[in-house]
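Report on the following structure.
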Protein chains: 2
Amino acid sequence: MDLAPLPDIYRRAPFAEDCAPRRLLRLFSGKWTTMILHMLHLLDGASRPGQLQRNIPGLSKKMMTQTLRGLEEMGLVTREVLQVMPPAVEYRLTALGQQFIEPLEMLYRWGAEHAALLDRVDRNAAMAAR
Amino acid sequence: MDLAPLPDIYRRAPFAEDCAPRRLLRLFSGKWTTMILHMLHLLDGASRPGQLQRNIPGLSKKMMTQTLRGLEEMGLVTREVLQVMPPAVEYRLTALGQQFIEPLEMLYRWGAEHAALLDRVDRNAAMAAR
DNA sequence: CTGCATCCTGGGCGATACTG
DNA sequence: CAGTATCGCCCAGGATGCAG
């Protein structure tokens, strides 16, 4: 990986409470936040709730809506209500939201490409559990 | 960013509960996990608890030890007790642990380089809060 | 200096049931 | 189909005090 120099705030200790990396972590801290953003991206930036939920196993309606509300407030996602029966809604990544796909994609890709490391971690943990 | 093709599991829906990306997220889900790993790396892979804590504002002794225990069980960190008075301990990244620095570094760097986006997010959220 | 044992609170998260 | 309202659990995580 490329590790060119960065502004001082990045390396300087102490690691301020509100430094950018921490803020990013906070943004991604919800259990479903990143998956929803990422899935929206995989679905070409827009999706209806049902489709979204079907593609993220374990995601409940409640948590989906709740998380989407948060994303909406942050301006990462828009919510559009189509006036039809039965009701249809479309969530869409905003331009801002799309920018956050990049780090997610990096992270998810890294995970997929290093599944073997994750296996080692789990094996170690299982070992230690006894 | 480079987006070369990946194995199917990555793109295929549904997004399995135990797919690699999710496992990675779980690994990093603790509030302090990534910061501790990353700080250990910044400190050349090894540090005593005191130094570690001083460099991560807000980190309590309890959470530090607790998090380090977890990392130890997963084999990402070792704990070495130096037989001196007063007691001294040294935590060290394992070879396995060092491998996980790469994605962290990516994430943290991205955050530092895109602080402006995080500002926009916060501004939007503040706006919506009213 | 390091670490453990407590105690306690908040809120993230899940299950269920109900409206339009 | 989309969303809301309740209820309640669980546990991450913070504060404090003690021990080696």
Side-chain angles (χ1 to χ4, degrees), chain A residues 14-15 17-18 22-23 25-37 39-40 43 46-74 77-92 125 128-129, chain B residues 14-15 17-18 22-23 25-37 39-40 43 46-74 77-92 125 128-129:
Chain A
F15 221 132
E17 300 258 11
D18 61 346
R22 281 208 192 188
R23 291 164 69 199
L25 287 183
R26 253 171 291 164
L27 181 60
F28 287 169
S29 64
K31 180 171 179 181
W32 304 104
T33 309
T34 64
M35 278 186 274
I36 288 180
L37 283 176
M39 185 53 70
L40 274 176
L43 296 168
S47 173
R48 297 182 44 181
Q51 184 187 25
L52 201 51
Q53 191 182 1
R54 276 190 305 275
N55 282 289
I56 305 181
L59 174 59
S60 72
K61 244 186 316 182
K62 180 199 168 191
M63 289 316 298
M64 179 175 61
T65 321
Q66 188 170 308
T67 305
L68 283 166
R69 287 290 175 278
L71 294 173
E72 215 183 329
E73 287 185 355
M74 297 188 285
V77 158
T78 58
R79 175 173 183 272
E80 182 185 2
V81 183
L82 288 66
Q83 295 299 349
V84 297
M85 253 324 256
V89 173
E90 188 153 81
Y91 288 100
R92 194 176 298 272
Chain B
F15 221 130
E17 300 258 12
D18 62 346
R22 281 208 191 188
R23 292 164 70 198
L25 287 182
R26 252 170 295 169
L27 181 60
F28 287 169
S29 63
K31 181 172 179 181
W32 304 104
T33 310
T34 63
M35 279 185 273
I36 288 179
L37 283 176
M39 185 53 70
L40 273 175
L43 297 168
S47 173
R48 297 182 45 182
Q51 184 187 25
L52 202 51
Q53 192 182 1
R54 275 190 307 273
N55 282 289
I56 306 181
L59 174 59
S60 72
K61 245 188 315 181
K62 180 198 166 191
M63 289 316 296
M64 178 175 60
T65 323
Q66 187 170 309
T67 305
L68 284 167
R69 287 289 174 278
L71 294 174
E72 215 184 330
E73 286 184 356
M74 296 188 284
V77 157
T78 57
R79 176 172 182 271
E80 182 185 1
V81 183
L82 287 65
Q83 296 299 349
V84 297
M85 255 322 259
V89 173
E90 188 152 82
Y91 288 100
R92 193 177 297 272

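Chain letters run A, B, ... following the sequence lines, proteins first, then strands; residues in each count from 1.
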(message) What is the separation between atom CG on B:Leu27 and atom C1' on D:dA12, rounded to the nearest whole Å?
(response) 16 Å

(request) Return the nearest nucleotide to the side chain of B:Val89; candidates are C:dT2, C:dG20, D:dG14. (result) C:dT2

(message) Looking at every non-hydrogen atom in both residues, tell me the closest pair between B:Glu17 and A:Gly58 and how far apart they are.
(response) OE2-CA, 3.6 Å

(request) Heavy atoms only: give me the nearest B:Arg26-B:Ser29 pair and the separation to one decimal. (result) O-OG, 2.7 Å

(request) Describe the nucleic acid contact of B:Thr65 in one word from base, sugar-phosphate, nothing, applying a heavy-atom distance below 4.0 Å. (result) sugar-phosphate

(request) Quickly work out the A:Leu68 CG to D:dA2 C1' distance and round it to whole Å. (result) 11 Å

(request) For B:Gln66 and C:dC7, give me the distance from atom CD to atom C1', rounded to whole Å. (result) 14 Å

(message) Once rounded to the nearest 0.5 Å, what's the spacing between atom CG of B:Leu59 and atom NZ of B:Lys31?
(response) 9.5 Å

(request) Report yes if a donor N or O on one partner sits less than 3.5 Å from an acceptor N or O on the other, where the partners are the side chain of A:Lys61 and the base of D:dG3; otherwise report no. (result) yes

(message) Is there a side-chain contact between A:Arg48 and the phosphate of D:dC1, meaning an N or O under 4.0 Å from OP1 or OP2?
(response) no

(request) Could you say whether A:Pro87 or A:Gly58 is positioned toward the 5' end of DNA chain C, judged by the nucleotide with the nearest heavy atom to each? (result) A:Gly58

(request) Search all heavy atoms of B:Thr33 against all heavy atoms of B:Leu27 and return the closest pair with its distance. (result) CG2-O, 3.7 Å

(message) Of the listed nucleotides (C:dC4, D:dC1, D:dT4), which one gets closest to any side-chain atom of B:Arg69?
(response) C:dC4

(request) Test for a donor-acceptor pair under 3.5 Å between the base of D:dG13 and the side chain of B:Lys62, counting only N and O atoms. (result) yes

(request) Let me know the distance between CG of B:Leu52 and P of C:dT2, rounded to the nearest Å. (result) 10 Å

(message) Looking at D:dA2, I'd like to know if its phosphate oxygens (OP1 or OP2) sit under 4.0 Å from a side-chain N or O belonging to A:Arg79.
(response) no

(message) Base, sugar-phosphate or nothing for A:Pro49? Non-hydrogen atoms, less than 4.0 Å.
(response) sugar-phosphate

(message) Rounded to whole Å, please give me the gap between CZ in B:Arg54 and P in C:dT2.
(response) 8 Å

(message) Using every non-hydrogen atom in the two residues, find where A:Gln53 and A:Ser60 come nearest and quote the distance to one decimal.
(response) NE2-C, 3.7 Å

(request) Measure the distance from CE on B:Met35 to P on D:dG13 and round it to the nearest whole Å. (result) 10 Å

(message) Expressed as a whole number of angstroms, how long is the span from A:Gln83:CD to C:dG20:P?
(response) 16 Å

(message) Measure CE/A:Met63 against P/C:dA15 and give the value in whole Å, please.
(response) 11 Å

